[in-house]
Amino acid sequence: MKSSISQQEKEEKSMSQRNPFTDALSVLDRAAPHTAIPPWMLQLLKRPSRILVSEFPVRMDDGRIEFFTGIRVRHRNPYSTGAAPYKGGIRYHPAVSIDEVKALALWMTLKCAVMGLPLGGAKGAVVCNPKELSHHELEEITRTYVRALGPNIGPTIDVPAPDVGTNEDVMAWIMDEYSRHHQGETTLSVVTGKPVSLGGSFGRATATARGGQFVLENFIGLAQPKIPQTPRVAIEGFGNAGANFAMFAAKLGWTIVGVSDSSGAVSRAEGLDVPALLAHKRKTDSVVGFPGSQAVSQKELLVLPCDILVPAALEGSITRENAPHIQAKIILELANGPTTPEADEILNQRGVTIIPDILANAGGVTVSYFELVQGNNLDRWHEDKVDQELAYYMRTNTEAWFKILSTRVPEPRLAAYVLALERLVEPMRKRGFE
Ligand code: GLU
């Protein structure tokens with residue numbers, strides 16, 4: 001018992017000392033030699049272009065004033081701003097750091113490039129715990145954050161979206177507060193992931209999961225991995241990405257053998273009833289205690305016997321400690337940065353295919369892009385059109401990634417970085433930046 005506690009402490013300590021930004025830079029450094037990127041452009045991509053940090057006061061429900069830290073990082077925009085704004089979500093989380101937001105912004109630049117979207121990369125955050133805040137406090141924090149961002153967001157400048165801890169309500173408040181400060185002119189395209197009734201796109205709420213499904217199905221078609229027709233899936237995280245992925249996988253008849261959330265994890269070798277699990281989560285706020293399931297720890301969830309593991313929570317959950325014990329053949333990264341570089345190496349050696357985040361979870365920003373296109377053209381796409389367009393983007397770019405993976409760069413994450421770097425260099429060159 002004692003030794004397992006100290007092992008756990010050791011792992012937690014090593015995680016808290018991790019810096020996702022330096023981890024991301026180390027992958028860039030390894031990918032660059034596979035491309036003809038000029039050294040100065042690589043240096044450019046290693047630096048965010050702007051970091052805005054503001055401390056702002058908010059009156060809480062009990063009348064107290066509390067201070068919050070708001071962050072927005074712009075990474076790089078290969079087109080420069082104007083027609084192509086910066087793009088990326090806003091995270092509300094108590095432990096979010098500037099370096100984490102820098103990593104997330106860099107990944108947005110790479111993700112948009114992998115998908116061929118005319119957008120730069122950005123990310124924002126407010127250090128807060130949305131689970132402990134009232135609806136009204138969340139609204140006050142959001143509106144104050146928008147005022148702190150001031151002219152740094154806008155439809156042709158930088159367009160936020162949902163991320164961990166934020167949702168369509170937060171996007172509606174952002175849109176409303178921004179519009180109040182712009183002559184009261186309703187400016188829908190300042191943000192994506194809005195409610196459908198307020199200019200949001202059909203399919204945006206489920207887009208990350210749906211995009212992940214398309215990538216996975218295309219990968220299985222191309223690589224023909226040795227997994228059963230109805231694979232067993234374990235999912236870490238039961239928020240927007242994880243829960244929707246569970247629904248899509250269940251519809252395909254796949255077996256969901258385990259699911260975790262921030263309170264714990266449950267498993268059932270014969271498969272969990274996903275709609276009932278969702279209802280349980282809605283009612284109790286957690287997957288824990290789901291009738292007919294077995295309680296497991298969040299750590300055990302990652303190493304359950306399964307064919308596909310879907311990390312859909314936060315950075316750094318797949319580590320050098322658990323990578324040797326992962327039983328899945330395929331890892332579909334619906335989270336951003338869930339695998340550390342050391343774990344990557346171990347999994348590559350073990351022949352586990354990692355479908356990397358900048359491809360696997362790019363469905364979210366892709367439908368955000370569709371939302372911008374619709375907003376700017378006063379257009380409304382029906383659900384089938386969104387789904388068809390998303391399928392097209394995910395398929396063609398999975399094929400582009402797979403081509404690099406199977407012919408030039410046999411490491412899945414590096415192959416995606418190479419695809420991104422080549423697509424970032426090209427427009428900069430064409431503009432005359434040599
Ligand atoms: N937060 C999402 C991501 O990490 C979506 C970003 C967006 O839609 O702009 O990709």
Side-chain angles (χ1 to χ4, degrees), residues 20 24 71-75 77 81 84-93 96 100-126 130 149 153-168 170-171 174-175 188-195 199-212 215 237 239-242 244-245 311-315 332-338 355-375 386 389-390 393-394 397 416 420:
I71 305 165
R72 184 75 182 169
V73 174
R74 278 187 204 169
H75 180 252
N77 191 329
T81 43
Y86 288 86
K87 192 82 194 76
I90 292 175
R91 178 170 293 197
Y92 286 1
H93 193 274
V96 66
E100 184 180 353
V101 182
K102 279 161 68 180
L104 290 161
L106 160 62
W107 289 326
M108 285 311 301
T109 304
L110 301 176
K111 199 183 297 186
C112 292
V114 162
M115 296 311 291
L117 304 176
L119 300 166
K123 201 78 168 201
V126 176
L149 290 171
I153 56 169
T156 60
I157 298 167
D158 181 359
V159 180
D163 195 75
V164 174
T166 58
N167 55 23
E168 62 173 37
V170 175
M171 299 307 117
I174 293 176
M175 196 287 286
L188 295 177
S189 291
V190 65
V191 79
T192 60
K194 297 179 290 288
S201 177
F202 285 116
R204 175 62 187 85
T206 51
T208 307
R210 184 73 170 152
V215 173
N240 173 287
N244 281 307
F245 187 82
L314 294 168
E315 298 89 49
L332 180 74
E333 294 187 330
L334 289 189
N336 288 307
I355 307 183
D357 48 5
I358 57 172
L359 172 67
N361 70 33
V365 71
T366 302
V367 178
S368 275
Y369 167 66
F370 299 163
E371 186 170 320
L372 277 182
V373 170
Q374 293 169 73
V386 173
E389 289 287 328
L390 180 62
Y393 272 79
M394 302 318 292
N397 293 305

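Indexing begins at 1, ligand by ligand and atom by atom, following the structure's order. Residues: numbered from 1 along the sequence shown. Just so you know, these numbers come straight off a predicted model, no measurement behind them.
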Distance-minimising heavy-atom pair for L332 and P311: O-CD, 3.2 Å

T366 and L117, any side-chain heavy atoms less than 4.5 Å apart: yes

Verify side-chain contact (heavy atoms from CB on, under 4.5 Å) between M394 and M115, making sure each step is shown before the conclusion. CA-CA 8 Å; M394 302 318 292; M115 296 311 291; 3.4 Å; yes

To the nearest 0.5 Å, what is the distance between CD on Q374 and OH on Y369? 11.0 Å

Test of ring centre spacing under 6.0 Å for F370 and F202: no

Which ligand 1 atoms does S368 reach within 4.0 Å, using its non-hydrogen atoms? 7 (C), 8 (O), 9 (O)

Counting both backbone and side chain atoms, is some N or O of T192 under 3.5 Å from an N or O of ligand 1? no

Residues K194, E371: salt bridge by 4.0 Å N-O rule: yes

Main-chain N/O of I153 paired to D158 side chain as donor or acceptor, under 3.5 Å: no

At a 4.0 Å cut-off, with the gap strictly under it, does some heavy atom of R91 reach an atom of ligand 1? no

So is N361 polar-close to ligand 1, meaning N/O to N/O under 3.5 Å? no

Just need the protein heavy atom nearest to atom 5 (C) of ligand 1, so name the residue and atom and give the distance. R204 NH2, 3.5 Å

Of all heavy-atom pairs linking T166 and A161, the shortest is OG1-O, 4.4 Å

So if I count the atoms of ligand 1 from 1 in the order they appear, which ones are less than 4.0 Å from some heavy atom of G88? 9 (O)

For atom 1 (N) of ligand 1, state which one of D163, V191, L117 supplies the nearest heavy atom. D163

Which protein heavy atom lies closest to atom 9 (O) of ligand 1, and at what distance to 0.1 Å? K87 NZ, 2.8 Å

Does a donor on one side chain sit under 3.5 Å from an acceptor on the other, for T192 and K87? yes

Ligand 1 atoms in contact with M108 (distance to a heavy atom under 4.0 Å): 3 (C), 4 (O), 6 (C), 10 (O)

Which residue holds the protein heavy atom closest to atom 10 (O) of ligand 1, what is that atom called, and what is the gap in Å? K111 NZ, 2.7 Å

contact_flag P162 ligand 1 heavy-atom lt 4.0 Å: yes

So which protein heavy atom does atom 7 (C) of ligand 1 come closest to, and at what separation? A161 CB, 3.3 Å

Where does V367 meet ligand 1, judged by heavy-atom distances below 4.0 Å: at the side chain, the backbone, both, or neither? neither

Hey, which of E168, R91, R204 is the one that makes side chain to side chain contact (heavy atoms under 4.5 Å, CB included) with P162? R204

Tell me: protein heavy atom nearest atom 4 (O) of ligand 1, and distance? K123 NZ, 2.8 Å

Which ligand 1 atoms does G89 reach within 4.0 Å, using its non-hydrogen atoms? 1 (N), 6 (C)

